[in-house]
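Naming convention: chains lettered A, B, ... in sequence-line order (proteins, then strands); numbering from 1 in each chain. Nothing here was measured: the structure is a model prediction, and the numbers come from that model.
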2 protein chains.
Amino acid sequence: MKVTKIRVAILEFLIAKKAPYTAQEIYQTLQENKALNSVDLASVYRNLDKFVKSGIASHCQLSDATLRFELTKTEHHHHIICTSCQQIDHLFTCPLTVSFSDKIVKNYKNLSHKLELYGICPSCQSK
Amino acid sequence: MKVTKIRVAILEFLIAKKAPYTAQEIYQTLQENKALNSVDLASVYRNLDKFVKSGIASHCQLSDATLRFELTKTEHHHHIICTSCQQIDHLFTCPLTVSFSDKIVKNYKNLSHKLELYGICPSCQSK
DNA sequence: CTTAATGCAAACGGTTTGCAGCCCT
DNA sequence: AGGGCTGCAAACCGTTTGCATTAAG
């Protein structure tokens, strides 16, 4: 994997931010940099794909149906999203294992949540 | 809201199935019915939209980025998705309130999960 | 008869792909 | 010098919209 301006810029962006971002958001940020304002959205997508395949970054699909990317975290974590400003924060307390009392969560109001479990179902196991 | 063939067919479909389905999946099923094989995908989308707005049905966005629809459930619930056959089952035990020991879950292997919390963040609260 | 609902086609937004040229190594 | 990476343009897929026609009440 070669070191190119776009790659460096995307990684710098992802390192600086802690929440997951969409390709378009990253693209817009690059546009503001005069040295990179000719980059193409397709290149951003291709690089993000490459980062994901190489394990540097990970997909993260929230409910808004657009793909987001973040640097791969070693720790298991979830996201808490403000339903007003859409800001996304990280949550390292997992409600599946411990009862829920994270400090971050306590500061939010009108809490709701969405959980999905994934696994191999009984009928697939017996195939 | 008028009673039309398409609407009846879509509702019958959603009543018969217990999991959330995409507009395209519903559309394909209608196609197999000779009385409805001229329906348009746009009409399916429009009707599903109308059902959601009237509260009969609800959106449900899983990680595959395509919108799904299901009849509105009165009980709070989540979904468990087989990572092999993609089949979706319902889960009425909520891991956010009680420790996780649902019977359905116990039969799945290679469990992983995804949780999103939503709420108003502290900075939005003070605006 | 009146208005809502439909089919068709075209537009849309996010994402992917093909291709010719460019630039990292 | 060579192959990976890029920009550009066009294709793609799920979803939405405009419009003229049809059918429900």
In whole Å, what is the span from the OH atom of B:Y21 to the C1' atom of D:dG14? 19 Å
For B:K73, salt bridge (Lys or Arg N to Asp or Glu O under 4.0 Å) partners two or more places apart: B:E70
Under the ring pair (Phe, Tyr, Trp, His ring centres under 6.0 Å) rule, collect the residues that match up with A:F51, sequence neighbours excluded. none
side-chain hydrogen bond (donor to acceptor under 3.5 Å, both in side chains) filter on A:Q24, not counting sequence neighbours, yields A:Y45
Estimate the overall bend of the helix from C:dC1-D:dG25 to C:dT25-D:dA1 from the end axes over five pairs each, rounded to 10 degrees. 30°
Sequence neighbours excluded, the answer for side-chain hydrogen bond (donor to acceptor under 3.5 Å, both in side chains) partners of A:S112 is none
With the threshold set at under 4.0 Å for non-hydrogen atoms, list the residues of residues 26-49 of chain A touching DNA chain C in residue-number order. A:L41, A:A42, A:Y45, A:R46
Taking only heavy atoms on the protein side, list every residue of residues 50-57 of chain B lying under 4.0 Å from any atom of DNA chain C, sorted numerically. B:K50
How long is the straight-line distance from CD1 of A:I81 back to CG of A:L91, given to the nearest 0.5 Å? 10.0 Å
B:Y27 meets the ring pair (Phe, Tyr, Trp, His ring centres under 6.0 Å) criterion, sequence neighbours left out, with none
Going from CD1 on A:I80 to CG on A:L111, what distance comes out if it is rounded to the nearest 0.5 angstrom? 5.5 Å
Please identify each residue that fulfils side-chain hydrogen bond (donor to acceptor under 3.5 Å, both in side chains) with B:S58, with sequence neighbours left out. B:T72
For the residue pair B:H77 and B:F92, categorise the inter-ring angle as parallel (less than 30°), tilted (30 to 60°) or perpendicular (more than 60°). tilted
Contact residues, residues 3-19 of chain A to DNA chain C [heavy atom, < 4.0 Å]: A:V3
Residues forming a salt bridge (Lys or Arg N to Asp or Glu O under 4.0 Å) with A:R7, sequence neighbours excluded: none
Given atom NZ of A:K2 and atom P of C:dC24, what is their separation to the nearest angstrom? 9 Å
Whole-Å gap separating P (D:dG14) and CG (B:L67): 12 Å
Is the closest side-chain heavy-atom distance between B:K106 and A:P122 below 4.5 Å? no
Hey, are the side chains of B:L62 and B:I88 touching, using non-hydrogen atoms and a 4.5 Å cut-off? yes
With sequence neighbours excluded, tell me which residues meet ring pair (Phe, Tyr, Trp, His ring centres under 6.0 Å) with B:H59. B:F69
